[in-house]
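First up is the structure itself, then whatever we jot down about it.
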Amino acid sequence: AQSVTQLGSHVSVSEGALVLLRCNYSSSVPPYLFWYVQYPNQGLQLLLKYTSAATLVKGINGFEAEFKKSETSFHLTKPSAHMSDAAEYFCAVYSSASKIIFGSGTRLSIRP
Amino acid sequence: DTEVTQTPKHLVMGMTNKKSLKCEQHMGHRAMYWYKQKAKKPPELMFVYSYEKLSINESVPSRFSPECPNSSLLNLHLHALQPEDSALYLCASSQALGDNEQFFGPGTRLTVL
């Protein structure tokens, strides 16, 4: 069965600093992996997805993620944080049962 | 049109009320989903419809009754809910069941008194 684990329920960075949100996956088959963002009182927006075409995936709003099979990781990064990046971020994996399995989420706070 | 719309945005209901949540998409998607999201938790899948037929029911209590009247619309009928059912209800759609990319609506914030 596929699953994802997000390390750190809350990450706080200064404006302009590197953002790193961690996600590790478990899957017996090549996974489809996603990062979603949820702003307060809103639905989920897809940031990026990995579907095996390229290990470095670029998404919207300057985010990118790198798929590392050897580390079973799919960490999300952004070189320079902006105040508008403050939100909840979910890593997710598409399961063989036609379902998206979400991680527990990481709340990103940005310090001025 | 690449949007999934949901109405109402907010809903407050008593435990004896009957209400419905609505979801609409005009992307030609044939799979539609209902999720429930409690505060500070990830979304949890409730129901999946494929070609207007219920495909997955994640053992949801019968006080939640989904309906897919056509390929663009998805309803969630609510009756005799409990306060613990208060949550954000999210609708999503994908091109087909088995397509891994889902598009989410903004959700309906439900409060049960």
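What's counted below: heavy atoms across the whole structure, side chains too, no hydrogens, waters or symmetry copies. Residue numbers begin at 1 in each chain, while the letters A, B, ... track the order of the sequences. Please read all numbers here as calculations on a predicted model, not as lab measurements.
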Taking E88(A) first and then K40(B), would you say they form a salt bridge - that is, a charged N and a carboxylate O separated by under 4.0 Å?
no
Grouping I, L, V, M, F, W and Y whenever their side-chain heavy atoms are under 4.5 Å apart, do F67(A) and L47(A) come out in a common cluster?
yes
Say whether L81(B) and M15(B) are linked into one hydrophobic cluster, either directly or through other cluster members, by side-chain heavy-atom distances under 4.5 angstrom.
yes
Top residue by heavy-atom pair count (under 4.5 Å) with chain B, among F102(A), Y36(A), Y94(A)?
Y94(A)
Please rank E58(B), K9(B), E44(B), Q6(B) by heavy-atom pairs under 4.5 Å with chain A and give me the top one.
E58(B)
To the nearest 0.5 Å, what is the distance between CZ on R109(B) and CG on N41(A)?
5.5 Å
The test is side chain to side chain contact (heavy atoms under 4.5 Å, CB included); show your working for L88(B) and Q38(A) and say whether it passes.
CA-CA 12 Å; L88(B) 181 68; Q38(A) 186 175 32; 3.6 Å; yes
What part of Q45(A) is in contact with chain B, defined as an atom under 4.5 angstrom from a non-hydrogen atom: side chain, backbone, both or neither?
neither
Among Y35(B), F104(B), Y33(B), which has the most heavy-atom pairs under 4.5 Å with chain A?
F104(B)
Check for me, please, whether Y49(B) and L78(B) land in the same ILVMFWY cluster - side-chain distances under 4.5 Å, paths through other members count.
yes
Got more than 12 heavy atoms from elsewhere within 6.0 Å of CD, E67(B)?
yes
Over 12 non-hydrogen atoms of neighbours within 6.0 angstrom of CZ in R22(A)
no
In terms of hydrophobic clusters joined by side-chain contacts under 4.5 Å, are V48(B) and L74(B) together?
no
Minimum heavy-atom separation for G43(A) and L90(B), please, with both atom names.
CA-CD2, 3.8 Å
Heavy-atom count around H10(B) NE2 within 6.0 Å, excluding the residue itself: above 12?
no
Can you see which heavy atom on G103(A) is nearest to which on P42(B), and at what distance?
O-CB, 3.2 Å
Residue part contacting chain B, namely of F34(A), when any heavy atom lies under 4.5 Å
side chain
Do the side chains of F47(B) and V4(B) join up, straight or via other hydrophobic residues, at under 4.5 Å, putting them in one cluster?
no
Report the distance from atom OG1 of T51(A) to atom CD of E101(B), rounding to the nearest 0.5 Å.
9.5 Å
Under 4.5 Å to a heavy atom of chain B? For L46(A) that would be side chain
